[in-house]
Protein chains: 2
Amino acid sequence: MELRQLKYFLRAKELLNFTAAASVLHISQSTLSQQVKQLEIELGTPLFERIGKRIKLTEAGELFHDYALQSVTSANNGFQMLKDLNNMETGELKIGVTFALRQVIATTVKQFLALYPKILVHIVYGTSEELLQKLDNFELDFILSFEEFEKNNSHQYQPLFDSPMVLIGSPESDLKKVNKIRVKDIENLPLALPAKGFSTRKYIDDVFKKKNLNLNISIEVNDIPMLLDLVKSGKYYTILAKTTIQDYDSIIAVPIIQPALMRKGMIISAKDIYEKRAVSEFYKIIDQYTNSPSPVS
Amino acid sequence: MELRQLKYFLRAKELLNFTAAASVLHISQSTLSQQVKQLEIELGTPLFERIGKRIKLTEAGELFHDYALQSVTSANNGFQMLKDLNNMETGELKIGVTFALRQVIATTVKQFLALYPKILVHIVYGTSEELLQKLDNFELDFILSFEEFEKNNSHQYQPLFDSPMVLIGSPESDLKKVNKIRVKDIENLPLALPAKGFSTRKYIDDVFKKKNLNLNISIEVNDIPMLLDLVKSGKYYTILAKTTIQDYDSIIAVPIIQPALMRKGMIISAKDIYEKRAVSEFYKIIDQYTNSPSPVS
DNA sequence: TAACATCAATCGATAAAACCGATTAATAAA
DNA sequence: TTTATTAATCGGTTTTATCGATTGATGTTA
């Protein structure tokens with residue numbers, strides 16, 4: 001039994017497809033097939049059930065998974081910990097960010113790089129769904145996102161700030177006359193909203209469904225700047241967290257009330273993973289940012 | 001990084017001697033040397049400091065140890081767990097027993113084997129020191145012993161019973177006239193005691209030292225039956241837990257008081273280790289044994 | 001139903017890597 | 001000083017991980 005084989009097994013279990021897993025692992029399908037078989041022989045029990053050309057995990061495979069993951073994770077953690085000892089000379093930091101928190105990362109990453117110029121920072125934008133999967137595959141150190149609806153026991157959550165949802169319109173719109181708006185008053189406004197898959201969109205849908213209100217959606221877009229461009233044009237309104245539009249000009253935003261819609265900004269990371277120094281340093285900077293006098297919210 | 005290399009590292013760290021470690025691992029010294037070096041290169045930092053022909057662990061090595069151990073342990077646990085699924089068809093059970101608890105294991109192992117005849121049981125006698133080291137090397141599943149003085153955070157302890165310490169003499173000795181004896185009355189009796197290294201001996205030494213009493217030791221032996229033979233001969237007394245002499249005839253034993261000396265029988269096992277079914281089944285039998293109407297004590 | 005696409009297993013060959021024995025160099029012990 | 005002990009290194013051998021090609025089984029589509 002070797003870590004190599006455990007890693008192969010984990011990937012095969014995840015994808016339930018030897019060919020695809022081999023490709024991800026940059027080995028041939030034949031190699032993967034042989035290595036898994038060898039592991040099974042050593043363990044004395046099959047880990048996969050071969051049904052025709054399909055594979056599915058056996059009960060033994062299911063049970064073995066946790067141990068294999070723990071073993072691989074521990075080795076990785078030890079490796080990461082040692083890299084840290086070299087005082088972040090060669091560090092790398094991979095951060096997943098949802099589109100809604102673009103402003104948070106834009107500000108903090110500059111401060112971080114000023115302090116630690118040798119660290120290579122990767123920023124990956126995506127929907128929370130995409131990012132959470134990458135987190136589970138060890139492709140990200142942490143995620144900046146709004147609160148998740150379904151919390152997962154293998155993740156840990158650090159709340160950062162509360163951000164009110166706002167209705168956004170062009171400076172020529174009727175919004176200039178009010179300083180707040182009720183949920184039910186939004187019902188008949190023509191909306192441009194983030195596409196399905198965005199957590200903000202899911203949040204909006206849930207709220208309106210619960211109150212039995214309709215949404216008058218004209219356009220769905222999976223890009224926030226384009227959404228705001230549409231709003232600026234004057235025809236449409238949109239709904240976002242105030243944090244999301246912090247640095248945009250030429251728009252008007254008013255808080256939504258009855259009920260007041262709030263979203264929690266969060267750091268999501270994987271439990272049981274060694275926390276690199278670069279990661280904890282970044283957390284500190286985010287903390288400063290969110291605790292400074294009304295940086296967001 | 002492979003489990004093989006982590007195992008090599010752990011053994012080398014334990015023995016601080018590549019030649020000896022290689023021998024235990026059944027590989028050549030040159031192979032061990034190369035594999036450790038390769039691991040060090042991959043980790044980007046030396047794990048051992050080479051001072052002439054000596055080696056000692058670097059700080060990095062010290063830190064890395066816990067992760068390596070965790071990784072290897074998890075893989076082993078997964079392996080053990082799967083073996084268990086085969087319903088103990090090929091099980092093996094390794095039990096360490098201190099001499100003092102000979103009677104406990106003698107009775108329980110018979111019952112266990114009657115229930116699970118296919119399990120191969122190894123029983124290893126030794127001092128607690130020897131046995132604890134074997135436990136840490138995964139050479140034992142658990143230990144039956146009296147309570148340890150220095151508890152170790154990587155072990156877990158299950159108390160079984162309390163056994164009073166007794167003064168033991170021949171049927172012709174003056175002990176027949178009394179039914180208990182004070183600690184300070186033992187001071188001038190000629191004693192045959194277990195040798196240094198026995199936990200019972202350490203316990204006795206500690207008690208007498210604390211009370212500023214002398215021990216009049218005539219003979220030290222590292223074998224309990226011989227100790228009792230000497231006692232039977234009439235010249236000497238000895239001190240043991242009552243449990244230890246449970247099935248011996250032709251001796252007289254009286255409890256020691258002021259203070260009453262008691263020892264706790266214990267199961268000691270390693271934390272974070274998968275508990276085989278054979279092990280939990282054995283625990284059940286020991287439980288029955290110690291909870292039955294005065295089996296020991 | 002026939003042709004095609006997809007997938008895991010298997011085979012033979014190759015490249016990589018673990019391993020060994022012998023030797024060297026350093027150093028501790030006698 | 002001599003001897004014994006120990007880790008590193010070198011060259012050669014064995015083992016094994018890997019690959020590409022093929023097979024056979026099984027879905028999928030025309």
Side-chain angles (χ1 to χ4, degrees), chain A residues 1-62 64-65 68 71-72 75-76 79, chain B residues 1-62 64-65 68 71-72 75-76 79:
Chain A
M1 187 168 15
E2 295 297 343
L3 285 174
R4 174 174 27 79
Q5 295 168 319
L6 297 182
K7 287 174 192 164
Y8 291 178
F9 162 70
L10 290 175
R11 188 65 70 176
K13 186 220 130 131
E14 182 199 345
L15 301 175
L16 288 179
N17 177 326
F18 279 16
T19 307
S23 158
V24 171
L25 292 164
H26 303 294
I27 57 173
S28 72
Q29 172 264 317
S30 110
T31 299
L32 179 60
S33 190
Q34 286 174 67
Q35 288 293 302
V36 168
K37 188 180 189 179
Q38 190 171 312
L39 181 60
E40 291 175 321
I41 288 170
E42 189 176 351
L43 295 175
T45 180
L47 297 169
F48 294 97
E49 214 172 310
R50 278 76 165 174
I51 318 162
K53 65 177 186 177
R54 293 280 169 85
I55 56 170
K56 96 176 227 227
L57 217 62
T58 61
E59 196 193 346
E62 196 69 60
F64 186 65
H65 167 261
S71 179
V72 170
N76 275 341
F79 184 80
Chain B
M1 189 170 10
E2 294 296 343
L3 286 173
R4 173 175 29 80
Q5 295 169 317
L6 298 182
K7 288 174 191 166
Y8 291 178
F9 163 70
L10 289 175
R11 187 66 70 177
K13 187 221 130 130
E14 182 199 345
L15 300 175
L16 288 179
N17 178 325
F18 279 16
T19 309
S23 158
V24 171
L25 292 164
H26 303 294
I27 57 174
S28 72
Q29 173 264 318
S30 103
T31 299
L32 179 60
S33 190
Q34 288 174 64
Q35 288 293 301
V36 168
K37 187 179 190 181
Q38 190 172 313
L39 181 60
E40 291 175 321
I41 289 171
E42 189 176 350
L43 295 175
T45 181
L47 298 169
F48 294 99
E49 214 173 310
R50 277 76 166 176
I51 318 163
K53 66 178 185 176
R54 292 282 170 86
I55 56 170
K56 96 174 226 228
L57 217 61
T58 60
E59 194 194 345
E62 197 68 62
F64 186 65
H65 167 261
S71 179
V72 171
N76 275 340
F79 185 79

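Naming convention: chains lettered A, B, ... in sequence-line order (proteins, then strands); numbering from 1 in each chain. Values below: all heavy atoms of this structure, side chains included; hydrogens, waters and symmetry mates excluded. As the structure is a computational prediction, the values presented were derived from the model and not from experiment.
- One finds no side-chain N or O of B/T31 lying less than 4.0 angstrom from the OP1 or OP2 phosphate oxygen of C/dC19.
- For the pairing with A/Q35, the side-chain contact (heavy atoms from CB on, under 4.5 Å) check across A/Q5, A/E40, A/E2 returns one residue only, A/Q5.
- For the pair A/L57 CG and C/dA8 P, the interatomic distance rounds to 14 Å; values are reported in whole Å.
- By the neighbour-count criterion of 12 heavy atoms within 6.0 Å, atom CZ of B/R50 is densely surrounded, having more than that number from other residues, nucleotides or ligands.
- When the side-chain nitrogen and oxygen atoms of B/K37 are compared with OP1 and OP2 of D/dT9, one or more of them lie within a distance under 4.0 Å.
- Between the side chain of A/S30 and the base of D/dG20, a donor-acceptor pair under 3.5 Å is found.
- OP1 and OP2 of C/dC7 both lie 4.0 Å or more from every side-chain N or O belonging to A/T19.
- Across the protein-nucleic acid pair, A/R4 atom CZ and C/dA17 atom C1' stand 10 Å apart, rounded to whole Å.
- Checking the phosphate oxygens (OP1, OP2) of C/dT6, no side-chain nitrogen or oxygen of A/N17 falls inside 4.0 Å.
- Of the candidate nucleotides D/dA7, C/dC19, C/dA9, C/dA9 has the atom lying nearest to any side-chain atom of A/F18.
- Dense packing is recorded around CD of A/E42, with more than 12 heavy atoms of other residues, nucleotides or ligands lying under 6.0 Å away.
- Remark: the B/Q29 side chain and the D/dA8 base include a donor-acceptor N/O pair separated by less than 3.5 Å.
- Using a 4.0 Å cut-off, no side-chain N or O of A/R54 falls inside it from OP1 or OP2 of D/dG27.
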